[in-house]
Each structure stands twice: as structure tokens, then as C-alpha cells.
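Below, chain A is the first sequence line, B the second, and so on; all start at residue 1.
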Amino acid sequence: MSKGIRIALANLKGGCGKSTLALNLAAGLARRGSVRLLDADPQGALRHWSSWADVNEQMPVTVQAADNPGQLASASNECDFVIVDCPPSLDIDITLKFLRNVDHVVVPVLPSPLDLWASNMAAEAIEKVRKENPGLRPWVVLNQLEERSAFSRAMQDVLGQFNLPVLQTRVRRRAIYRLAMLEGKSVYQLGGRGLPAVAEIEAILNEVLQA
Amino acid sequence: MSKIKDKLKASINPLIAKADAPKAEANVPGQSKPEAQKSSATAGNMQAAAAKAAPTAVEPRVHEKKTAPAKPAKAATGLENKGAYSQGCSVWPD
Ligand SMILES: Nc1ncnc2c1ncn2[C@@H]1O[C@H](COP(=O)(O)OP(=O)(O)O)[C@@H](O)[C@H]1O
Ligand SMILES: [Mg+2]
């Protein structure tokens with residue numbers, strides 16, 4: 001009997017942090033149960049990362065290429081949590097197929113006007129999907145926040161104007177996220193250096209899972 | 001900073017208004033393309049578009065053209081995101 005919790009990372013923008021958050025959220029979920037990470041982006045960034053990663057010893061997360069909801073269904077039968085890293089589009093078949101079959105979609109948004117404006121399209125696209133998947137819970141998360149940037153501070157409020165709930169948790173711009181990727185790890189495997197980032201990922205998971 | 005917030009808020013008003021008034025003059029007047037794109041994203045047409053797209057589903061980057069205008073503007077203004085953008089779009093092509 002299924003039902004692992006299924007969380008997709010999606011946005012029509014590339015470069016907003018879908019893959020970065022997908023792998024770190026997966027690593028955080030691995031502390032709570034079994035996890036499968038479905039890489040639905042043909043760019044295959046996370047597959048490449050996992051071929052780099054010490055998956056068995058340090059990262060109890062399996063990465064699997066995925067292009068159909070059947071894979072999602074079997075993953076959620078077999079695991080407590082499934083994370084789907086979607087391609088940078090919200091109106092193509094591959095993304096829609098997954099969004100129709102997940103419980104949550106996390107939409108990372110960068111603190112810039114261009115990303116803010118694109119969020120409107122994201123909200124519209126997700127609203128359409130929710131007609132077919134009414135249980136879908138969308139969450140916007142501000143990523144690459146820069147503490148001293150006025151844009152960063154203003155974005156949180158303004159994002160709330162669209163029809164999407166915004167997570168209280170914000171993810172700061174931290175080199176450790178890139179370093180973890182390069183080392184084939186998540187921020188959880190980087191000891192003390194990773195702790196501020198771990199706290200962010202944990203806070204996202206707590207907000208989403210408690211919803 | 002609150003000036004920025006006000007400006008950001010003002011900047012999304014037309015988007016929100018557009019969403020509230022669906023069909024009427026979405027996007028650039030005189031251009032039928034955005035309209036077509038828009039309607040192709042409706043629930044009914046998604047299936048058809050999906051079926052059509054299936055054989056080429058491995059080439060999603062065509063969809064990046066939707067966000068194409070962001071590129072030059074970003075390079076011009078978004079110093080903070082420059083690295084993210086350039087890396088995000090070029091990680092492990094293929
Ligand atoms: N919070 C962050 N701090 C620092 N760098 C980040 C952060 N989030 C993402 N990045 C970097 O930004 C770029 C784009 O992120 P990525 O996860 O590939 O986005 P996407 O999957 O949406 O295209 C990558 O180079 C990644 O390392
Ligand atoms: Mg990615």
C-alpha cells in the first residue's frame with residue numbers, strides 16, 4: 001500500500017534552485033524515513049550529482065531518472081518520501097504529469113523582479129493543475145536571499161500577493177549549497193559548516209510536512 | 001527599501017489584473033502568439049499538447065524561450081543573480 005509523501009520542486013524558471021533544494025530536502029527527509037529522488041529534468045543534474053555522490057555511505061537517497069507518473073507511483077509505494085526535481089517549465093507534459101500526482105509542490109523564487117513576475121505565471125499554472133489534483137499544496141520559497149539586499153527583504157511580502165502560500169522559511173544565498181553539490185554531498189554531510197543551511201532545509205521540511 | 005517594496009507591488013498589479021480578466025488582451029496587442037501559448041496551457045489542451053510533445057519530451061529547452069526576455073534584462077540588472085542564472089542554465093547540458 002502506498003503512500004509516501006510526494007513533493008515536487010517546480011518553476012518555469014531555470015536557475016531558481018529546484019535541484020539544489022530537491023537534493024537537500026531529500027537528504028533531510030532521509031533522516032525521517034526512506035526517500036527516493038526522481039530526476040525528471042532531462043538535463044539530469046541530480047543524476048550526475050548522484051554518480052558523484054557517495055550515495056550508499058553518506059546519502060541514503062536513491063536518484064532515479066523519471067519521465068512518467070508510474071515511476072512516481074511505485075516510488076511512493078516503496079518509500080516514505082518521494083522528491084521530484086522537475087524541468088524548468090510548468091506547462092510541458094513532463095512537469096504537468098508529475099504535478100497532477102504529487103502532494104506538494106515547492107516553487108523556489110529568486111529575489112528579483114523578473115522572478116517575481118514569472119511567479120504570476122507559476123501561480124496560474126499551478127491553479128490549473130489543482131483543478132485536476134485538488135489536494136496539491138503549493139509553496140513558494142524565497143531562495144538565494146541576500147540579507148542586505150532591499151529586494152530580498154521586500155520580496156517576501158510582495159510574493160504573497162499571488163495566489164500561492166509563501167513559506168516563512170527563506171533560504172539564504174550560501175556557498176555551502178554549491179560546495180555540497182561539488183562534493184557529491186548534501187549540506188547535511190558537511191559538519192558544522194553546513195549547519196546554517198541544514199537549519200533552513202529542516203525549517204522548510206517542518207513547514208511543509210506539518211501543513 | 002519600502003520604496004522598492006511599493007514598486008515591486010505596483011509592478012505586479014498589471015499581471016494580477018490580467019489574470020483576473022482572462023481572455024481580454026493578454027500580452028502584446030497585435031501578437032497572436034502569446035494568446036496561442038496561453039490557451040495551449042489550458043487544462044483541456046494540455047492533454048493534446050502533451051500527446052504532441054511526447055516524442056520530443058526529451059527536449060524541454062525549447063520552453064525556455066518563454067523566459068527568454070529575462071536573459072538580457074537579468075544580465076543588465078541582476079548582478080546578484082548573474083552567477084545563479086548562468087550556472088543554472090548550463091549545468092550538464094545533454
Ligand atoms: N541558496 C543558494 N545559495 C547559493 N547558491 C545556490 C543556492 N540555490 C541555488 N544555488 C546555485 O544556483 C544555481 C542554480 O540552482 P539549481 O538548483 O541548479 O536551479 P534549477 O534546478 O532551478 O535550475 C546553481 O549553481 C546552484 O548551485
Ligand atoms: Mg535543476
Side-chain angles (χ1 to χ4, degrees), chain A residues 12-20 41-45 47-49 67 87-97 100 110-121 123-125 127-129 131-132 143-144 146 149-159 161-163 173 178 181, chain B residues 1-16 18-19 22 37-38 40-54 56-64 66-67 69-71 73-74 77-94:
Chain A
L12 49 95
K13 299 283 281 182
C16 60
K18 296 179 295 297
S19 301
T20 302
D41 185 347
Q43 286 180 77
R47 273 166 279 161
H48 186 80
W49 167 83
D67 61 6
S89 176
L90 279 172
D91 66 354
I92 57 170
D93 184 43
I94 189 167
T95 304
L96 293 171
K97 284 191 297 202
R100 289 186 198 115
L110 299 180
S112 110
L114 294 168
D115 296 81
L116 175 69
W117 299 336
S119 303
N120 181 54
M121 280 179 77
E124 285 174 18
E127 192 137 308
K128 275 177 198 152
V129 173
K131 290 189 178 126
E132 296 164 82
N143 183 32
Q144 298 217 37
E146 288 159 294
S149 144
F151 269 122
S152 286
R153 280 176 287 170
M155 278 286 288
Q156 185 90 355
D157 284 352
V158 183
L159 267 176
Q161 310 268 308
F162 295 126
N163 223 354
R173 181 169 195 172
R178 294 178 226 153
M181 192 71 81
Chain B
M1 127 104 174
S2 71
K3 253 189 197 163
I4 287 190
K5 196 196 277 184
D6 291 345
K7 229 175 184 169
L8 280 175
K9 273 190 178 154
S11 77
I12 62 173
N13 285 340
L15 298 174
I16 291 173
K18 197 164 79 188
Q37 272 171 0
K38 239 190 159 186
S40 78
T42 60
N45 292 343
M46 274 190 252
Q47 306 284 15
K52 237 183 174 177
T56 55
V58 252
E59 302 166 355
R61 263 165 290 173
V62 288
H63 295 273
E64 304 232 44
K66 279 198 137 178
T67 56
K71 204 168 181 179
K74 242 189 172 167
T77 58
L79 248 189
E80 48 180 324
N81 296 321
K82 202 170 146 202
Y85 189 88
S86 56
Q87 288 174 55
C89 291
S90 61
V91 211
W92 302 295
D94 200 325

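How far CE of Met121(A) is from CG of Leu15(B): 10.0 Å, rounded to the nearest 0.5 Å. Atom CG of Leu159(A) is separated from atom CG of Leu8(B) by 9.0 Å, given to the nearest 0.5 angstrom. Note that CD1 of Ile16(B) and CZ of Phe162(A) are 5.5 Å apart. Values are rounded to the nearest 0.5 Å.
The candidate from Leu116(A), Asn163(A), Thr20(A) with the greatest count of non-hydrogen atom pairs under 4.5 Å with chain B is Leu116(A).
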